[in-house]
Amino acid sequence: ELVTAFGELGVDTVQGSESNVLSRFQLVADLFHPDVILRITGDCPLLDPAPAEEIVRFLEQHSRCLFASNDTLISGWPDGTDVEAFRVSLLDDTIKHSSCGPYDREHVTHLMKKICTDRRQFSYVHERPRDSTSRLKLSVDTAKDLERVRTIVKTRYYFRSIKPTRQRFSLSETSKSAAAAGLLNVE
């Protein structure tokens with residue numbers, strides 16, 4: 001269903017092994033020949049595109065940087081807004097790495113970060129000031145999380161009279177909707 005929906009929107013998709021995410025990234029690299037790949041996950045439906053754009057732009061402007069993210073564990077960005085970008089050369093090195101086991105094939109960037117650290121290669125974490133939105137959980141890992149996200153989306157469309165079609169979800173709009181729904185205290 002998702003592939004069909006993306007096709008109707010004119011978005012190219014790639015399908016591959018469910019357990020070997022690394023091989024799916026390799027398929028993308030082989031088909032589209034990008035210099036940089038942006039990794040976003042399906043459990044982050046309210047992703048603000050701004051940090052993703054900033055991270056890709058940073059990689060494009062800093063040729064020595066191989067990996068960049070807004071790691072939500074350390075950056076101040078809320079859980080559910082996480083994005084990672086990496087150069088295809090790092091993907092190639094990760095695939096060739098001798099310790100690339102099943103965990104690394106599923107959790108693609110884990111080994112990439114280790115390779116950057118071991119080589120003392122330049123990597124970057126996009127940070128932002130911590131505020132009340134830093135505590136907001138926007139990823140969907142449980143049924144409770146899904147209900148929270150649905151409430152935020154319904155509240156956003158109700159108060160803003162926006163039809164749910166290809167609208168960008170900024171963190172500002174998402175946090176206002178969360179506050180209006182009583183899920184966050186935002187001034």
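Nothing fancy with the numbering, it's 1 onward along the sequence. Every heavy atom of this structure was used, including side-chain atoms; hydrogens, water molecules and symmetry mates were not.
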Is there a donor-acceptor pair closer than 3.5 Å between any side-chain N or O of [X] and the backbone N or O of [Y]?
| X | Y | value |
| --- | --- | --- |
| R87 | C65 | yes |
| R128 | G76 | yes |
| H97 | D93 | no |
| S139 | D43 | no |
| S75 | N70 | yes |

[Y] and [X], any side-chain heavy atoms less than 4.5 Å apart:
| X | Y | answer |
| --- | --- | --- |
| K113 | E84 | yes |
| L47 | L138 | no |
| F25 | I37 | yes |
| V88 | V36 | no |
| F67 | I115 | no |
| D104 | L22 | no |
| S17 | E106 | no |
| E8 | T4 | yes |

Are any of the side-chain nitrogens in [X] or [Y] under 4.0 Å away from the carboxylate oxygens of its partner?
| X | Y | answer |
| --- | --- | --- |
| D131 | R135 | no |
| K96 | D92 | no |
| D145 | K137 | yes |

**OP:** Go through the steps to decide whether V149 and L46 satisfy the test side-chain contact (heavy atoms from CB on, under 4.5 Å), and finish with yes or no.
**Re:** CA-CA 8 Å; V149 167; L46 301 179; 4.0 Å; yes

Original post:
Roughly how far apart are R24 CZ and R105 CZ, rounded to 0.5 Å?
Top reply: 14.0 Å

Original post:
About how many Å separate CG of L90 and SG of C116, when rounded to the nearest 0.5 Å?
Top reply: 4.5 Å

Subject >> Joint hydrophobic cluster, V3 plus L27, side-chain heavy atoms closer than 4.5 Å >> reply: no

Subject >> Hydrophobic cluster identity match, V125 and V56, side-chain contacts under 4.5 Å >> reply: no

Original post:
Does the side chain of T155 come under 3.5 Å of the side chain of R150 through a donor N or O and an acceptor N or O?
Top reply: no

Original post:
Could you go step by step and tell me if V83 and S69 meet the side-chain contact (heavy atoms from CB on, under 4.5 Å) rule?
Top reply: CA-CA 6 Å; V83 295; S69 74; over 6 Å; no

**OP:** Begin from the C-alpha positions of W77 and D82 and carry the test side-chain contact (heavy atoms from CB on, under 4.5 Å) through to its verdict.
**Re:** CA-CA 7 Å; W77 287 94; D82 13 5; over 6 Å; no

Subject >> Test ring-ring contact (aromatic ring centres under 6.0 Å, His included) applied to Y103 and H110, step by step >> reply: CA-CA 9 Å; Y103 180 85; H110 175 262; 5.1 Å; yes

Subject >> Single hit among L91, L66, I55 for side chain to side chain contact (heavy atoms under 4.5 Å, CB included) with F86 >> reply: L91

